[in-house]
There are 2 protein chains.
Amino acid sequence: MAGDPDRVRTSADIAAHAGTNPVVVRRVLGRLREAGLVTSEKGHAGGWRLARPPQQITLADIYLALDERLVDAREETGHSDCALEHALQHKVALVLEEIETLLTRRLSEMTIADLGDPGA
Amino acid sequence: MAGDPDRVRTSADIAAHAGTNPVVVRRVLGRLREAGLVTSEKGHAGGWRLARPPQQITLADIYLALDERLVDAREETGHSDCALEHALQHKVALVLEEIETLLTRRLSEMTIADLGDPGA
DNA sequence: TATCTAGTAACTATTATAGTTACGTAATGC
DNA sequence: GCATTACGTAACTATAATAGTTACTAGATA
């Protein structure tokens, strides 16, 4: 879609291109729509379109829209009676937080328009 | 085990402590043994023990021994005919490699002995 | 030699994800 | 108005990965 932003595509088209099912496409794009990244329209000339220029959509936008997380955000499941296990979970959580921050920073440096640029 | 390194523990003990099954424990510790982190002995006084002092076992040792990886190392699954998708996969792989490096570096800075230290 | 423990194969249970079918709703063009 | 097109979504099935379980073998020790 980034390659030809003005074109409307149906979930069937996208599914065929991706080798998957239209319903799966609608599920995923539905979440991107909730995040304001794409729009959809029903009816005859309906389909999916980017909500803003591809230069203004980063991989971090998509990553966050789909709720992908390395960290599960549940540092304390609580039911452990072992102090060492708590310490482990806490330290690992701190590291994962640092990792997650770096990841989203890197992803936010890449727009989907960049994917077409040979140099980038 | 880090808290009392000289004590031998059976997989049944460890499983009870962890709320799981002895066989599961043996499976996991078996991999750590392959990596040289723990030893096991059969028979009457048998069980599991750290292969070296807890000050010399890092979380990275364990992470790598268990083959945990953020990156799946298969950058090119190849069957994509879409250039943009290739570009995406490549860029994401580069980022994940950077992330993975940082992660293992952080984990290698923590030994399992540190888990008991309140200050660390 | 009885007992204890790891080692391991084989099976079942659970969970998450993807895929599928079916049908409702909205928009368009005739 | 009405047929057509496409999204929206519920409900179900398929697949795969992981965890858990049972059952047995092999080795070590008292």
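Keep in mind that what you see is a predicted model, and the values were worked out from it rather than measured. We use all heavy atoms of the structure for the numbers below, so side chains are in, but hydrogens, waters and symmetry mates are not. The chains referred to below are lettered A, B, ... by the order of the sequence lines, with proteins before strands, and numbering in each begins at 1.
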(request) Check B/A87 against A/L115 and note the closest heavy-atom contact, atom names and distance. (result) CB-O, 3.4 Å
(request) Provide the full list of salt bridge (Lys or Arg N to Asp or Glu O under 4.0 Å) pairs with a residue in residues 15-36 of chain A, sequence neighbours left out, each pair given once. (result) A/R31-A/D67
(request) Nearest whole angstrom, please: distance from the P of D/dT18 to the CG of B/N21. (result) 18 Å
(request) Dump the intermediate steps for side chain to side chain contact (heavy atoms under 4.5 Å, CB included) on A/D61 and A/R52, then the final yes or no. (result) CA-CA 12 Å; A/D61 292 329; A/R52 46 181 202 259; 3.2 Å; yes
(message) Would you say that A/V28 contacts A/L66 through its side chain, given a criterion of any heavy-atom pair below 4.5 Å between the two side chains?
(response) yes
(message) Between A/T10 and D/dA6, is there a contact of a side-chain N or O with OP1 or OP2 at under 4.0 Å?
(response) no
(message) Using the salt bridge (charged side-chain N to carboxylate O under 4.0 Å, His left out) criterion, which residues pair with A/E41? Sequence neighbours excluded.
(response) none
(request) Nearest whole angstrom, please: distance from the P of D/dT9 to the CZ of A/R33. (result) 7 Å
(message) As a test of reading the structure: which of C/dT20, D/dA19, D/dA23 is closest to the side chain of B/V23, going by heavy atoms?
(response) D/dA23
(message) Counting only side-chain heavy atoms from C-beta out, which of C/dT20, D/dC7, C/dG19 sits nearest to A/R26?
(response) D/dC7
(request) Name every residue in residues 37-47 of chain A that has at least one heavy atom under 4.0 Å from any atom of DNA chain C, in order of residue number, or write none if there are no such residues. (result) A/K42, A/G43, A/H44
(message) Closest-nucleotide mapping onto DNA chain D: is B/P22 or A/A12 further toward the 5' terminus? I mean the 5' end.
(response) A/A12
(message) Without decimals, in angstroms, what is the distance between B/R27 CZ and D/dT21 P?
(response) 11 Å
(message) Is there a side-chain contact between B/S11 and the phosphate of C/dT5, meaning an N or O under 4.0 Å from OP1 or OP2?
(response) no
(message) Restricting to non-hydrogen atoms, name the atom on A/W48 and the atom on A/T10 that form the minimum distance, rounded to 0.1 Å.
(response) CD1-C, 4.2 Å
